[in-house]
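Questions regarding the structure given below will be posed in turn.
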There are 2 protein chains.
Amino acid sequence: MTYSIGQVADRLDISPYTLRYYDKEGLLPFVDRNAAGRRRFKDNDFNFLEVIVCLKEAGVPVKQIGNFIDLCMTGDATLQDRYDFLAEHEANLEQKMARLQHTLDFLRWKKWYYKTALQAGTERIHYLPGTNQVDPAVHAEFEQLVADGASPKALGELSFK
Amino acid sequence: MTYSIGQVADRLDISPYTLRYYDKEGLLPFVDRNAAGRRRFKDNDFNFLEVIVCLKEAGVPVKQIGNFIDLCMTGDATLQDRYDFLAEHEANLEQKMARLQHTLDFLRWKKWYYKTALQAGTERIHYLPGTNQVDPAVHAEFEQLVADGASPKALGELSFK
DNA sequence: GCTTGACCTAGAGCTAACTCTAAATTCTAT
DNA sequence: ATAGAATTTAGAGTTAGCTCTAGGTCAAGC
């Protein structure tokens with residue numbers, strides 16, 4: 001069974017343009033061509049494509065993905081390199097997710113900030129008296145609620161009175 | 001207390017070029033200037049800067065961050081819009097983190113794939129007999145180990161024999 | 001007073017990752 | 001058999017987000 005570039009594009013939810021671009025960049029050396037020069041993807045090719053999509057999602061630049069594919073085409077001598085490559089990007093991704101968790105926490109605290117302002121009808125409730133500067137104690141108040149067991153996500157929900 | 005662009009750049013680990021670019025894009029309308037036209041950041045400005053950095057990390061495009069800052073400068077009439085903006089990007093970020101978790105899971109299964117190949121000395125142990133195609137049962141085997149309680153992260157570690 | 005470094009603007013340049021165009025060919029369905 | 005859709009290539013164009021250059025001003029230390 002083989003698949004045209006359009007069929008693969010549909011299945012992976014990627015445009016044919018993008019697939020050809022990846023091919024040009026050396027990411028698809030495993031793809032066969034028919035007599036007329038058209039790409040014929042095999043079932044096994046999806047194993048590679050899955051890896052490419054995964055590494056893209058992990059934020060690995062196209063060129064580096066190309067390096068990895070090169071290792072794959074070289075054979076058993078590169079097994080350790082391929083393992084190391086994946087281990088490195090696993091670590092990178094773990095760090096990125098930890099950063100994003102902090103970002104999400106921050107977003108939730110700001111949501112709570114606006115929820116409480118909204119309920120008061122004005123942002124001034126968060127300002128130091130007589131100024132337009134945010135009172136640092138406001139953040140501390142939020143942190144205290146969390147420390148007392150409240151869910152940061154629920155605290156910011158408007159339905160949560 | 002005020003701060004120069006260089007001091008702010010150091011503190012946020014962002015280049016002064018980037019800060020000026022953000023200013024040009026309308027992200028820093030709150031920054032004062034001294035008599036000579038140099039930017040003087042106030043302590044309260046860091047509240048805005050924190051939000052900008054957070055939204056950037058969350059993947060919000062610079063233009064949209066500018067829209068949010070505009071809302072902030074407008075006053076209490078936009079409190080609901082600001083809340084909605086943050087709620088939308090909270091949801092986006094939650095989805096993104098869920099996708100990244102799947103990506104991380106995939107990366108770990110592939111690491112296990114290479115760990116086991118490495119221990120066998122060849123990738124052929126994962127192929128269907130007499131072919132160069134990966135046996136789909138290999139992934140199923142990994143999934144079974146996870147279902148039986150193994151940690152996906154630990155399964156891929158080389159020290160885990 | 002002078003030098004060194006930080007800052008200013010306008011605008012050019014850069015990179016990554018697409019995204020599309022043009023002109024030609026091939027495949028598919030009637 | 002033929003119309004229309006899909007595919008091919010080379011190469012141009014686009015966008016976001018910086019990043020830097022040039023030419024000038026300003027501020028702090030010796």
Side-chain angles (χ1 to χ4, degrees), chain A residues 1-42 45 48-49 51-70 89 92 96 99-100 103, chain B residues 1-42 45 49 51-69 89 92 96 99-100 103:
Chain A
M1 193 56 194
T2 66
Y3 309 87
S4 71
I5 196 170
Q7 291 170 319
V8 173
D10 285 346
R11 177 157 155 191
L12 300 184
D13 204 26
I14 283 179
S15 79
Y17 294 143
T18 302
L19 281 170
R20 289 192 200 99
Y21 162 70
Y22 287 168
D23 199 1
K24 217 184 288 191
E25 294 297 310
L27 269 57
L28 312 180
F30 48 83
V31 178
D32 291 339
R33 302 288 185 126
N34 69 7
R38 300 196 166 186
R39 294 173 184 83
R40 295 289 109 178
F41 291 77
K42 305 172 292 300
D45 293 349
F48 289 104
L49 291 167
V51 171
I52 289 168
V53 167
C54 164
L55 292 173
K56 277 245 69 215
E57 178 74 22
V60 181
V62 167
K63 256 175 200 141
Q64 284 188 50
I65 300 178
N67 297 151
F68 181 78
I69 298 290
D70 286 346
H89 291 292
N92 290 348
K96 181 181 191 162
R99 278 201 311 278
L100 287 181
T103 300
Chain B
M1 192 55 196
T2 66
Y3 309 87
S4 71
I5 196 171
Q7 290 169 319
V8 173
D10 284 347
R11 178 157 153 190
L12 300 184
D13 204 25
I14 283 179
S15 81
Y17 293 143
T18 302
L19 281 170
R20 290 193 200 99
Y21 162 70
Y22 288 167
D23 199 2
K24 216 184 292 189
E25 294 298 310
L27 269 58
L28 312 179
F30 48 83
V31 178
D32 291 338
R33 302 286 185 128
N34 69 7
R38 300 195 169 184
R39 294 175 185 82
R40 293 289 110 180
F41 291 77
K42 304 173 293 301
D45 294 349
L49 292 167
V51 172
I52 290 168
V53 167
C54 164
L55 293 173
K56 276 247 70 216
E57 178 73 24
V60 181
V62 166
K63 256 174 200 140
Q64 285 188 48
I65 299 177
N67 297 151
F68 181 80
I69 298 292
H89 290 293
N92 290 347
K96 182 181 189 162
R99 278 201 311 281
L100 287 181
T103 300

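Just so it is clear: chains get the letters A, B, ... in the order the sequence lines come, proteins before strands, and each one is counted from 1. For clarity, every value in this text was computed on a predicted model and none was experimentally measured.
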Rounded distance in Å - CD (E25(B)) to P (dG17(D)): 9 Å

Minimum-distance nucleotide (side-chain atoms of R20(A) versus dT19(C), dT7(D), dT19(D)):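 Nearest to the side-chain atoms of R20(A), counting from C-beta on, is dT7(D).
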
For atom CZ of R39(A) and atom C1' of dT25(C), their distance in whole Å: 14 Å

Nearest-nucleotide 5' precedence on DNA chain D, A35(B) against K63(B):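 By nearest-heavy-atom nucleotide position, the 5'-most residue is K63(B).
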
Residues R99(B), E57(A): salt bridge by 4.0 Å N-O rule: yes

Contact under 4.0 Å: Y22(A) side-chain N or O vs dC18(C) OP1/OP2: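 Result: yes.
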
Rounded distance in Å - CG (D32(A)) to P (dT7(D)):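 In whole Å, dT7(D) P lies 17 Å from D32(A) CG.
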
I5(A) CD1 to dC18(C) C1', straight-line distance once rounded to whole Å: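 The distance from CD1 of I5(A) to C1' of dC18(C) comes to 14 Å, rounded to the nearest Å.
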
Spacing of R40(A) atom CZ relative to dC27(C) atom C1', expressed in whole Å: 9 Å

Sugar-phosphate only, base, or nothing, as touched by P16(B) at under 4.0 Å among non-hydrogen atoms: nothing

Short side-chain N/O contact to dC27(C) OP1/OP2 from S4(A), under 4.0 Å: no

Residue R38(B), side-chain heavy atoms: nucleotide from dT25(D), dC18(D), dT26(C) that is nearest: dT25(D)

Separation of atom CZ in F41(A) from atom P in dT7(D), rounded to whole Å: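 These atoms are roughly 10 Å apart.
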
Minimum-distance nucleotide to Y21(A) side chain [options: dC26(D), dT19(C), dC8(C)]: dT19(C)

Test item: D10(A) side-chain N/O and Q7(A) main-chain N/O as donor-acceptor pair under 3.5 Å: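 Not confirmed, D10(A) side chain does not pair with Q7(A) backbone.
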
Flag if over 12 foreign heavy atoms under 6.0 Å of CG, N34(B): yes

Rounded interatomic separation in angstrom, taking NZ from K24(B) and P from dA16(D):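 Rounded to whole Å, this separation is 15 Å.
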
With V60(B), the side chain to side chain contact (heavy atoms under 4.5 Å, CB included) member among Q64(B), K56(B), K63(B):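 Only one of Q64(B), K56(B), K63(B) forms a side chain to side chain contact (heavy atoms under 4.5 Å, CB included) with V60(B), namely Q64(B).
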
Length of the CG-P vector between L27(B) and dG17(D), whole Å: 10 Å

Any R33(A) side-chain nitrogen or oxygen under 4.0 Å from OP1 or OP2 of dT9(D): yes

K56(A) side-chain N/O to dC18(C) phosphate OP1/OP2 under 4.0 Å: yes

Salt bridge flag under 4.0 Å for residues R39(A) and D23(A): yes

Residue mapping more 5' on DNA chain C - nearest nucleotide basis, N34(A) or Y17(A):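 It is Y17(A) whose nearest nucleotide is closer to the 5' end.
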
